[in-house]
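Please read the structure below before turning to the comments.
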Amino acid sequence: MRERFPWISETASANPRMGVPGYRNIASPAWDPAQPVDPAAAEEFLQAFYGEVGPRERLLPRLAEVDSELSRTGTYTHTPEELEFGARVAWRNSSRCIGRLYWRTLRVRDRRGVRNADDIFAELVGHLLEATNEGKIRPTITVFAAATPGRPFARVWNEQLIRYAGYRRPDGSWTGDRQYAHFTAAVHRLGWRGRGGRFDVLPLVIETPQEGPRLYELPEDAVLEVPLHHPDLAWFAELGLRWHAVPTISNMRLEIGGVRYPFSPFNGWYMGTEVGARNLADADRYDMLPAVARRLHLDTSSERTLWRDSALVELNRAVLHSYDGAGVRITDHHTESLRFLKHIEAEERQGRVVPADWTWIVPPMSGGITPVFRRYYAEIDLRPNFYNDPTARGIGRHGGKQSSA
């Protein structure tokens with residue numbers, strides 16, 4: 001496999017069905033920030049870059065430049081062209097994303113020179129404004145400084161740039177997104193006070209080595225939200241539901257040629273089931289299925305009545321209808337499943353393998369009637385890629401200090 005796909009990691013190519021980082025309960029690759037960049041990883045990436053982008057005759061001189069920089073500093077600096085290619089290919093290789101057909105359209109904002117918290121915040125707001133694009137959502141990534149071996153780095157605590165606060169009332173009931181109740185408590189300790197509503201946008205916590213954690217409220221014009229209503233059920237609007245337009249993941253580590261970018265927020269646009277079948281439906285999030293079922297007068301006395309299924313369909317119809325009505329780009333799980341198969345076909349024509357995690361590619365609603373259900377996928381770890389970081393994940397859910405691990 002390495003002869004045909006030379007950028008595949010040794011571990012993955014040795015056994016592509018076992019122990020693949022990011023799949024199911026397999027941990028992401030361990031990262032020691034004190035260690036220098038692996039020269040072999042740098043070479044593999046440059047081979048891929050000059051193989052796909054060229055010019056091929058620049059490969060050997062560039063390898064010599066990188067080798068010299070690695071020997072002096074333990075890391076190296078990507079050119080803007082290498083960074084753009086690496087970020088796009090990282091999306092192409094992201095096994096949990098069904099929307100990779102559009103990987104070439106990713107807009108790469110190179111902000112590696114931005115260091116202080118105020119400037120970082122301005123760039124995050126700029127990212128949201130450019131990505132939102134008045135509802136015509138554009139896939140966008142903003143890449144901040146790479147990690148330097150042995151030195152602390154900047155990060156944003158938030159799991160996504162836009163998330164809603166969660167509050168537990170004295171009587172034990174919940175308001176808002178209960179998944180972020182601990183994070184809400186953490187930003188309260190830093191001085192933030194939410195209104196106690198169901199959709200209070202959480203502040204950003206930007207932490208830099210020089211300044212520590214600092215709170216920033218997102219301006220209203222950076223957060224486009226869609227009030228939810230139903231095409232047939234007038235009462236649905238009375239539920240008071242809404243959701244934001246741009247899902248911007250902000251705590252994953254981008255890895256390109258052995259260089260780690262721990263702070264690189266990126267977004268596509270929503271698939272409807274992410275909002276209607278997960279965020280609003282999950283019992284540990286907004287848990288809206290019982291409320292929708294009551295308004296539909298469904299029999300909830302037994303699971304065999306399939307009341308959850310009926311409520312879920314109407315909730316998801318409302319999400320798609322509302323985003324369409326507001327002029328905000330969104331896709332549905334049937335259309336995106338077909339597009340993912342189109343992506344696989346296009347990649348195979350280029351001689352490339354498409355890594356995919358079945359448990360994420362198959363939608364969380366009506367999975368069995370989508371074309372992505374009845375097939376197997378290559379479970380291999382291709383680089384460049386995005387990786388979950390256990391420390392960042394913990395901070396994104398609970399808040400906390402920056403860790404060097």
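- No salt bridge links D284 with R178; every basic N to acidic carboxylate O contact stays at or beyond 4.0 Å.
- Ring-plane geometry between W192 and Y167 is classed as parallel, the angle between the planes falling under 30 degrees on a 0 to 90 degree scale with a further cut at 60.
- Between Y164 and H244, the gap from one ring centroid to the other is short of 6.0 Å.
- Between W358 and F373, the ring center distance clears the sub-6.0 Å criterion.
- The nearest pair of heavy atoms linking G276 to L315 is O-CD2, 3.3 Å.
- Distance alone, capped at 3.5 Å, is enough to place a donor-acceptor pair between the R88 side chain and the L106 backbone.
- Checked by atom type and distance alone, the side chain of T305 pairs as donor or acceptor with a backbone atom of S302 at under 3.5 Å.
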Q: With ring-ring contact (aromatic ring centres under 6.0 Å, His included) as the test, would you mind laying out the steps for H229 and H321 before giving the verdict?
A: CA-CA 7 Å; H229 52 280; H321 173 75; 5.2 Å; yes
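- The main-chain N or O of L254 is never found under 3.5 Å from a side-chain atom of S264 such that the two would form a donor-acceptor pair.
- Within 6.0 Å of the CZ atom in R193, the count of heavy atoms belonging to other residues, nucleotides or ligands exceeds 12.
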Q) For Y102 and W269, what are the C-alpha separation, side-chain angles and deciding distance, and is it a ring-ring contact (aromatic ring centres under 6.0 Å, His included)? A) CA-CA 11 Å; Y102 322 100; W269 52 80; 4.9 Å; yes
Q: Take W243 and Y270 through the test side chain to side chain donor-acceptor pair (under 3.5 Å) and record every step on the way to the result.
A: CA-CA 11 Å; W243 206 257; Y270 270 119; 2.9 Å; yes
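- Heavy-atom neighbours of R58 CZ from other residues, nucleotides or ligands within 6.0 Å: above the threshold of 12.
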Q. For N251 and D389, what are the C-alpha separation, side-chain angles and deciding distance, and is it a side chain to side chain contact (heavy atoms under 4.5 Å, CB included)?
A. CA-CA 7 Å; N251 70 341; D389 180 273; over 6 Å; no
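- Contact check on R352 versus E52 returns a salt bridge, with a Lys/Arg side-chain nitrogen under 4.0 Å from an Asp/Glu carboxylate oxygen.
- Using a 4.0 Å cut-off between a side-chain N of Lys or Arg and a carboxylate O of Asp or Glu, D119 and R111 do not qualify as a salt bridge.
- Distance check, rounded to the nearest 0.5 Å: OG of S94 to CG of L382 gives 10.0 Å.
- Not a single donor-acceptor pair under 3.5 Å links the side chain of D67 to the backbone N or O of L63.
- Note that CD of E217 is 8.5 Å distant from CZ of F121, once rounded to the nearest 0.5 Å.
- The residue from L241, N279, L312, D282 that alone fulfils the side chain to side chain contact (heavy atoms under 4.5 Å, CB included) condition with M288 is L241.
- The pair R155-E207 does not count as a salt bridge, with every side-chain nitrogen at least 4.0 angstrom from each carboxylate oxygen.
- Residues M271 and R278 form no side-chain contact, since every pair of their non-hydrogen atoms from C-beta on lies 4.5 Å or further apart.
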Q) Do W174 and Y286 pass the ring-ring contact (aromatic ring centres under 6.0 Å, His included) test, and can you show the C-alpha distance, the side-chain angles, and the key distance before you say yes or no? A) CA-CA 9 Å; W174 291 90; Y286 278 82; over 10 Å; no
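- Checked by atom type and distance alone, the side chain of R100 pairs as donor or acceptor with a backbone atom of R92 at under 3.5 Å.
- E81 has no carboxylate O lying under 4.0 Å from a charged side-chain N of R62, or vice versa, which leaves the two without a salt bridge.
- Contact annotation: the side chain of L228 approaches that of Y323 to within less than 4.5 Å [non-hydrogen atoms, C-beta and beyond].
- H182 NE2: 12 or fewer foreign heavy atoms inside a 6.0 Å radius.
- When side chains are defined from C-beta on, R260 does not count as touching Y387, because their heavy atoms never get closer than 4.5 Å.
- Listed here is the closest heavy atom pair of N267 and A131: OD1-CB, 3.3 Å.
- Using a 4.0 Å cut-off between charged nitrogen and carboxylate oxygen, E69 and R72 do not count as a salt-bridge pair.
- Of all heavy-atom pairs spanning V205 and P213, the tightest one is CG1-CB, 3.8 Å.
- Heavy atoms only, all atoms of each residue included: F45 and G257 are closest at CB-CA, 3.4 Å.
- Taking a 6.0 Å sphere around CZ of R195, one finds it holds 12 or fewer heavy atoms contributed by other residues, nucleotides or ligands.
- Contact annotation: the side chain of L224 never approaches that of V246 to less than 4.5 Å [non-hydrogen atoms, C-beta and beyond].
- Judged purely by atom type and a 3.5 angstrom limit, R374 uses its side chain to pair as donor or acceptor with the backbone of G368.
- Salt bridge annotation for E345-K342: absent, with no cationic side-chain nitrogen under 4.0 angstrom from a carboxylate oxygen.
- Residues R109 and E130 are paired through a salt bridge, judged by an N-O separation under 4.0 Å between the basic side chain and the carboxylate.
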